[in-house]
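Working notes, beginning with the structure itself.
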Amino acid sequence: QVQLVESGGGLVQAGGSLRLSCAASGSILSINAMGWYRQAPEKQRELVAAITSGSNTNYADSVKGRFTISRDNAKNTVYLQMNSLKPEDTAVYYCNARIASVSWYFNDYWGQGTQVTVSS
């Protein structure tokens with residue numbers, strides 16, 4: 001069984017910063033890629049940022065220049081540094097990881113979600 005444990009969400013003022021962390025644990029053979037998604041009220045879920053095992057990154061246009069994704073392979077952990085936060089960033093943020101668990105077949109796993117609220 002694979003678990004993704006998220007931390008770092010909370011309430012901040014516009015212009016502030018937060019750092020999200022997500023650690024994968026359990027029966028893990030390999031992690032191919034990790035990323036962050038978010039879903040705001042009355043909005044569709046969207047990809048925020050993703051990073052591959054080779055450290056290729058991809059960002060949503062709305063967060064480019066403000067957010068930075070990184071990972072610590074030794075800790076099976078992905079981070080999202082969020083700077084210059086805007087009220088529009090308010091959402092539930094979900095960690096995602098593509099993981100080969102008990103067999104060499106990659107599946108997507110999700111964290112429980114962590115609330116990020118940015119006040120104006």
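Residue numbers start at 1 and run along the sequence shown. Hydrogens, waters and symmetry mates are skipped; everything else that's a heavy atom, side chains included, is used.
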Problem set entry | Residue pairs involving residues 26-56 (criterion disulfide (SG to SG under 2.5 Å); sequence neighbours excluded) | none
Exercise. In chain order, what residues pass the side chain to side chain contact (heavy atoms under 4.5 Å, CB included) check against E88, with sequence neighbours excluded?
Worked result: K86
Problem set entry | side chain to side chain contact (heavy atoms under 4.5 Å, CB included) involving N83 - partner list, sequence neighbours excluded | S17, Q81
Problem set entry | Any pair counted as salt bridge (Lys or Arg N to Asp or Glu O under 4.0 Å), so long as it reaches residues 15-33, sequence neighbours left out | none
Problem set entry | Rounded distance [0.5 Å steps], CG in N73 versus OG in S55 | 6.5 Å
Problem set entry | Residues that V116 engages under side chain to side chain contact (heavy atoms under 4.5 Å, CB included), provided they are two or more places apart | L18, L20, M82, Y93, V118
Exercise answer: donor-acceptor pairs, residues 3-11 side-chain atoms, under 3.5 Å, sequence neighbours excluded:
unit_1: Q3; atom_1: OE1; unit_2: S25; atom_2: OG; d: 3.3
unit_1: Q3; atom_1: NE2; unit_2: Q1; atom_2: O; d: 3.3
unit_1: E6; atom_1: OE1; unit_2: Q112; atom_2: NE2; d: 3.4
unit_1: E6; atom_1: OE1; unit_2: G113; atom_2: N; d: 2.7
unit_1: E6; atom_1: OE2; unit_2: C95; atom_2: N; d: 2.4

Exercise. Does anything in residues 5-34 pair up under ring pair (Phe, Tyr, Trp, His ring centres under 6.0 Å), and if so which pairs, sequence neighbours excluded?
Worked result: none
Problem set entry | Pairs touching residues 98-120 that satisfy ring pair (Phe, Tyr, Trp, His ring centres under 6.0 Å), sequence neighbours left out | Y37-W110
Exercise. Shortest non-hydrogen contact from L29 to V102?
Worked result: CD1-C, 4.0 Å
Problem set entry | Straight-line distance of S53 OG to I31 CD1, nearest 0.5 Å | 10.0 Å
Exercise. Side chains of T90 and Q115: closer than 4.5 Å at any heavy-atom pair?
Worked result: yes
Exercise. Which pair of heavy atoms, one from S120 and one from A14, lies closest together, and at what distance?
Worked result: CA-CB, 4.4 Å
Seminar exercise, completed: The reported gap from CD1 in I69 to OG1 in T52 (rounded to nearest 0.5 angstrom) is 10.0 Å
Exercise. With distance as the sole test, does R71 use its side chain to make a donor-acceptor pair with the main-chain N or O of G35 at under 3.5 Å?
Worked result: no
Exercise. Does any pair with a residue in residues 100-120 pass salt bridge (Lys or Arg N to Asp or Glu O under 4.0 Å), and if so which ones, sequence neighbours excluded?
Worked result: R98-D108
For this session: Find the distance between OH (Y94) and OG1 (T114) and round it off to the nearest 0.5 Å.
Result: 10.0 Å
Exercise. Which residue pairs pass the ring pair (Phe, Tyr, Trp, His ring centres under 6.0 Å) test when at least one of the two sits in residues 49-75, sequence neighbours left out?
Worked result: none
Problem set entry | Side chain proximity check, Y79 to T68, heavy atoms < 4.5 angstrom | no
For this session: Just grab all the salt bridge (Lys or Arg N to Asp or Glu O under 4.0 Å) pairs involving residues 51-65, residues at least two apart or on different chains.
Result: D61-K64
Problem set entry | Residue pairs passing the salt bridge (Lys or Arg N to Asp or Glu O under 4.0 Å) test where at least one lies in residues 22-47, sequence neighbours excluded | R38-E46, R38-D89
